[in-house]
Amino acid sequence: MSELLSSLSPDERRLLSEAPSGAELAAQPMLATLSDRRDFDAGGWIFERKLDGVRLLAVRDERGTRLLSRNGLRENATYPEIVDALADQDTADFVLDGEVVAFSHGRTDFSRLQQRLGITDERKARASHVAVTYYVFDILRLDGSDVTRLPLRSRKSLLRRALSYHAPLRFTPHRNEGGEELLARACRQGWEGLIAKRAAGGYQPRRSGDWLKLKCARGQEFVVGGFTEPGGSRTGFGALLIGYYEGSRLRYAGKVGTGYDRATLRDIRARLDELATPSVPFSDRVREHTAHWARPELVAQIGFTEWTRDGMLRHPRFLGLREDKEPGDVVREKATGG
DNA sequence: TTCCGACAGTGGGGTCGCAAT
DNA sequence: ATTGCGACCCCACTATCGGAA
């Protein structure tokens, strides 16, 4: 048994088992459940910053080092510098879980990372101007042992000692208490949110309530200027086309196609049919083949994660109509950070 | 009984690569 | 050169179902 594993208590050592192959262990990452929960005073949780990047599992064994996406696709050619950093480690048998991110202006920036995601040529990846960092936050296998049944705190302790962390590799730090205050501060700083994890929990290869996604709420009202045709089994409409006023111009802010139940789809479609107009209400060009336009009189509350560079909403969802708001009052609000 | 997790199906922005125009 | 499409990332959400609690 390796020195690291020998450092475990006898009770913890009993939780170890002979590991299946790294590929099997990495087949399905543990996923967090979106949650509104805010009461973490009871303890038993650890808190990590929610990183806005892509999930990446790393396997190293006698066959070499492999990076795997959430769907099991090989990502070695996309992040060769991460492969190098892992292949250089003294520890030579592990399965890691973590997140790849790209930074801009001190914040993780998904749109920047996207310029790297599609690269499947190692040389192009090395030449890319998008530097990436691999934040490692869990370990599933170490020196021939399956460690997924160990409590999270023990796994993170092993993980911290199993690797030496230098760019582009980073250990994901965590806090043991003060979740509420941490979340408030995270939102003020413009972070996406926090992940709360049960400190005593094992690693479960599925979505689990032991990991909670706590997101900073962002949203505002938008004017509805039209809709797209429904597809497939959808009824009513596909998505609402929404915007906000900039002076007298109605700027287009994108589509929102989720958050409706069947009754809402039907009701809103009926209201928009009454507001139908042949003229485009937006001042921007809207590339929608199946668009129907409506006089801009309805106001909808929309939740979203952030504005994209192109002035569109990211991850938009419909939260409800606002009968109490005048369309003319709807402007782009300054991000306050929830 | 209720609740949770998995699945399928709808919708979003964005990137890349490829084929058709 | 432009456009459209699919395959990937990230995702939110509704609706359904079977099994766990």
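Keep in mind the model is a prediction, meaning the values are calculated, not measured. By convention in this document, chain letters (A, B, ...) are assigned in the order of the sequence lines, proteins followed by strands, and residues within each chain are numbered from 1.
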Subject >> A:R206 vs B:dG5: side-chain N/O to OP1/OP2 distance below 4.0 Å >> reply: no

Subject >> Co-members of the apolar cluster containing A:L152 [side chain, <4.5 Å] >> reply: A:I46

**OP:** Please work out which residues in residues 231-238 of chain A have a non-hydrogen atom less than 4.0 Å from an atom of DNA chain B and list them by number.
**Re:** A:G231, A:G232, A:S233, A:R234, A:G238

**OP:** Check for a donor-acceptor pair, side chain of A:Q220 on one end and backbone N or O of A:E333 on the other, with a separation under 3.5 Å.
**Re:** yes

Original post:
Rounded to the nearest Å, what distance is computed from the CD1 atom of residue A:I119 to the P atom of nucleotide B:dG14?
Top reply: 19 Å

**OP:** List for me each residue that meets ring pair (Phe, Tyr, Trp, His ring centres under 6.0 Å) alongside A:F103, sequence neighbours excluded, and say none if there are none.
**Re:** none

Subject >> Separation of atom CG in A:L319 from atom P in C:dC13, rounded to whole Å >> reply: 7 Å

Subject >> Listed partners of A:Y245 passing ring pair (Phe, Tyr, Trp, His ring centres under 6.0 Å), at least two apart >> reply: none

Subject >> Between C:dA12 (P) and A:L313 (CG): distance, integer Å >> reply: 14 Å

Subject >> Distance in angstrom units between A:Q115 CD and C:dC10 C1', rounded >> reply: 15 Å

Subject >> Distance, rounded to the nearest Å, where A:H315 contributes NE2 and B:dG13 contributes P >> reply: 11 Å

Original post:
When the nearest nucleotide of DNA chain B is assigned to A:P230 and to A:P205 on a heavy-atom basis, which residue is associated with the more 5' position?
Top reply: A:P205

**OP:** Only counting residues at least two apart or in another chain, list the ones meeting side chain to side chain contact (heavy atoms under 4.5 Å, CB included) with A:D90.
**Re:** none

Subject >> Qualifying side-chain hydrogen bond (donor to acceptor under 3.5 Å, both in side chains) pairs with a residue from residues 257-269 of chain A, counting only residues at least two apart or across chains >> reply: A:D261-A:T264, A:R269-A:D273

Subject >> Chi angles and distances behind the salt bridge (charged side-chain N to carboxylate O under 4.0 Å, His left out) call for A:R249, A:D284 >> reply: CA-CA 9 Å; A:R249 302 197 305 157; A:D284 304 280; 5.6 Å; no

Subject >> Those residues that, when tested against A:F47, pass ring pair (Phe, Tyr, Trp, His ring centres under 6.0 Å) (two or more places apart) >> reply: A:F40

Original post:
Does A:K50 make a side-chain N or O approach to OP1 or OP2 of C:dC11 shorter than 4.0 Å?
Top reply: yes

Original post:
Is there a side-chain contact between A:F222 and A:L313, using heavy atoms and a 4.5 Å cut-off?
Top reply: yes

**OP:** Round to a whole Å and report the spacing from CZ of A:R112 to P of B:dT15.
**Re:** 13 Å

**OP:** Looking only at side-chain atoms of A:K255, point me to the closest of B:dG14, B:dG13, C:dA12.
**Re:** B:dG13

Subject >> Side-chain (A:D146) to main-chain (A:T148) donor-acceptor, under 3.5 angstrom >> reply: yes

**OP:** Could you list the residues that satisfy side chain to side chain contact (heavy atoms under 4.5 Å, CB included) with A:H315, not counting sequence neighbours?
**Re:** A:T305

Original post:
Could you give the NE2-to-C1' distance, from A:H129 to B:dT15, as a whole number of Å?
Top reply: 12 Å

Original post:
Got A:R155 and A:D97 here, is their nearest side-chain heavy-atom distance under 4.5 Å?
Top reply: no

Original post:
With respect to the phosphate group of C:dA12, does any side-chain polar atom (N or O) of A:K215 fall under 4.0 Å of OP1 or OP2?
Top reply: yes

Return the polar atom pairs (N/O with N/O) between nucleotides 2-9 of chain C and the protein under 3.5 Å, or none.
from  : atom 1 : to    : atom 2 : distance (Å)
C:dC9 : OP1    : A:S69 : OG     : 2.8
C:dC9 : OP2    : A:N71 : ND2    : 2.8

**OP:** Classify the nucleic acid contact of A:D310 as base, sugar-phosphate or nothing, counting any heavy atom under 4.0 Å across all strands shown.
**Re:** sugar-phosphate

Subject >> Donor-acceptor contact below 3.5 Å, side chain A:T133 vs main chain A:P168 >> reply: no

Original post:
A:W307 CH2 to C:dC11 C1': how many Å, rounded?
Top reply: 18 Å

Original post:
So how far off straight is the helix from B:dA8-C:dT14 to B:dT21-C:dA1, going by the axes through five pairs at either end, to 10°?
Top reply: 30°

Subject >> Single hit among A:E48, A:K197, A:K156 for side chain to side chain donor-acceptor pair (under 3.5 Å) with A:H174 >> reply: A:K156

If you restrict it to nitrogen or oxygen atoms, what contacts under 3.5 Å exist between nucleotides 14-21 of chain C and the protein, and what is each distance?
from   : atom 1 : to     : atom 2 : distance (Å)
C:dA15 : OP1    : A:R262 : N      : 3.3
C:dA15 : O3'    : A:R262 : NH2    : 3.4

**OP:** Would you indicate which nucleotide in B:dG12, B:dG13, C:dC11 comes nearest to any side-chain atom of A:A239?
**Re:** B:dG12

Subject >> ILVMFWY cluster membership beyond A:V59 - transitive side-chain contacts under 4.5 angstrom >> reply: A:L25, A:M30, A:L57, A:L68, A:V95, A:F137, A:L140, A:Y203, A:W211

Original post:
For A:G209 and A:Y252, take the nucleotide of DNA chain B holding the closest heavy atom to each; which residue's nucleotide lies nearer the 5' end?
Top reply: A:G209

